[in-house]
Asks: 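First the structure, then my questions, so here it is.
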Number of protein chains: 2
Amino acid sequence: MVKKRKVGNLLALAVLATVYTRPMHRYEMASVMRARGKDQDMDIKWGSLYTVVQNMERHGLLEAIGTNREGARPERTIYAITEAGKRELVDWTRELISAPRREHPSFAAGLSVLATLSPQEAIALFQERLGHLDESIRAQRAALAEVADDGVPRLFLVENEYGVAMLEAEAAWVRSLLDELTSGTFPGLAGWQAWHETGAMPEEMAEIAERGTTPD
Amino acid sequence: MVKKRKVGNLLALAVLATVYTRPMHRYEMASVMRARGKDQDMDIKWGSLYTVVQNMERHGLLEAIGTNREGARPERTIYAITEAGKRELVDWTRELISAPRREHPSFAAGLSVLATLSPQEAIALFQERLGHLDESIRAQRAALAEVADDGVPRLFLVENEYGVAMLEAEAAWVRSLLDELTSGTFPGLAGWQAWHETGAMPEEMAEIAERGTTPD
DNA sequence: AGTCGATTACTCGTCTACGAATATACGTGT
DNA sequence: ACACGTATATTCGTAGACGAGTAATCGACT
């Protein structure tokens, strides 16, 4: 299904895109990515960059086109993208855009064990999350507006727009769940509550807990 | 900031939640998780489960409370959750719910190199994605309705509801981007187009490409 | 002219995740 | 009673991710 990439780390994708414009050495790649705010989109792991570039060379996506020694600095290998590398970049992009991958955000993992907490505590924590989300949205919107003002075309900002849209959607979802919890309209709330007060799981749940929750 | 967990793999969280109800051996944990559809939420990596449980024992979150030999089967170690394990479960859940973690979905990575493709191709691929998304939404909604019918309380389904909500939000976002692209109202579309036909990057972009796109 | 801290640039070793292989038992049709 | 597929249960090797460490240069201030 999902063709296995020779180099699977998404950092490699960023490298391909970066080296596409002109050959450069490894540290420069990192600098350029950082300058572009790529480090925000995907935080660059230093250790990984060097391993990844090495693997990319091994698989023929990059080639060393010589070294550049400057002053007494250690010599730096300059890498260029190969034809295979260009093909990989395009092909990989196609795959990422066309096929949604089942990813597992940590929030979902947290929700799946929500019953661990009391309803009161859950409410408080959701409120806290909402605060963080709103702040993030504000900050990212502002940053987006600023660079757009600087004349950066939308084409290079779609991923940020996507990020904001997802944050907004999450905030909206949390808000609506909170409404149900605080107004008491969330079904089974009383049972959940009682369970945490008395330690007795309501029988409608006990039975469920023993079999499985989501079949299929 | 984000306290480093002794065992960071989210699979460990699922294990804690599973062993919480009663002690069991490793293969059983996997079976129970699978029965609960946890394998959908977070696909279980066989190799990981054994390493993770071992690490959890090493860090005192689980303890071996004996072995159970049945027939000629290899002997199986039974693990129980410890007090520290219970504390970890609650504390970890708190963290996951209260603090949004910057995660980096692969779609965002794809979007960040969208310019690699021609606008026509991008449109086609977005349409393909939309098809997959709509199908996923349909399927998950159906599965959700079915288990809800079976009497599984909402409390145990919030993470699925969240998943559907996020899929819907993504679909909506893609749809609106597609509208702009197909109707031609997406700013800079002509330049993007020309660039891919002639190979000449419009100067408003060339300059940008050399500096960085997203400062902040 | 010496020191301090920041930046540049890279290496190394550890730890983890996970695929794939393995091996035995069980059930079921012939 | 045996052959074969499926479920049970686990081990192991390896590739990859990443933190932390190293070392040189540069600029600024003293």
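Note that the coordinates shown come from a computational prediction; the quantities given were computed from them, not determined experimentally. The sequence lines fix the lettering, A, B, ..., with proteins before strands; numbering per chain opens at 1.
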Asks: Taking the basic N atoms (NZ, or NE/NH1/NH2) and the acidic carboxylate oxygens, is any pair closer than 4.0 Å for A/R175 and A/D134?
Replies: yes
Asks: What nucleotide among D/dG16, C/dC18, C/dT16 has an atom nearest to a side-chain atom of B/R58?
Replies: C/dT16
Asks: Please report the distance, rounded to the nearest Å, between OH in B/Y50 and P in D/dC12.
Replies: 13 Å
Asks: Using heavy-atom distances to pick each residue's nearest nucleotide on DNA chain D, tell me which of B/E28 and A/S48 is more 5'.
Replies: B/E28
Asks: May I ask you to say whether B/K86 pairs ionically with B/D91, meaning some side-chain N is under 4.0 Å from a carboxylate O?
Replies: no
Asks: Rounding to a whole Å, what distance do you find between A/Q54:CD and D/dC18:C1'?
Replies: 15 Å
Asks: Tell me which nucleotide among D/dA9, D/dT11, C/dA9 gets nearest to the side chain of B/Y27.
Replies: D/dA9
Asks: Can you tell me how far P of C/dT8 sits from CZ of A/R26, to the nearest Å?
Replies: 17 Å
Asks: Between P on D/dA20 and CH2 on A/W46, what's the gap in Å once rounded to a whole number?
Replies: 16 Å
Asks: Which whole-number value in Å describes the distance from B/I44 CD1 to C/dG19 C1'?
Replies: 16 Å
Asks: Roughly, in whole Å, what's the span from CG in A/L11 to P in D/dA17?
Replies: 8 Å
Asks: Would you call the rings of A/W173 and B/Y162 parallel, tilted or perpendicular, where under 30° means parallel and over 60° means perpendicular?
Replies: perpendicular
Asks: What is the distance from CE of A/M29 to P of C/dT8, rounded to the nearest Å?
Replies: 16 Å
Asks: Below 4.0 angstrom, N of the basic side chain to O of the carboxylate: do A/R34 and A/E28 qualify?
Replies: no
Asks: Hey, is the side chain of A/N55 poking within less than 4.0 Å of OP1 or OP2 on D/dA15, counting only N and O atoms?
Replies: no
Asks: Compare side-chain N and O positions of B/R5 against OP1 and OP2 of C/dT16 and report whether any pair is under 4.0 Å apart.
Replies: no
Asks: Distance check needed: D/dG16 P versus B/K45 NZ, whole Å only.
Replies: 15 Å
Asks: For the side chain of B/H25, starting at C-beta, report the closest nucleotide among C/dA17, D/dT10, D/dG16.
Replies: D/dT10
Asks: Quick one: is A/N9 getting a side-chain N or O under 4.0 Å of the D/dG16 phosphate, OP1 or OP2?
Replies: no
Asks: Compare side-chain N and O positions of B/T51 against OP1 and OP2 of C/dA17 and report whether any pair is under 4.0 Å apart.
Replies: no
Asks: Inspect the contact between A/R141 and A/E168 and indicate whether a charged nitrogen and a carboxylate oxygen are less than 4.0 angstrom apart.
Replies: yes
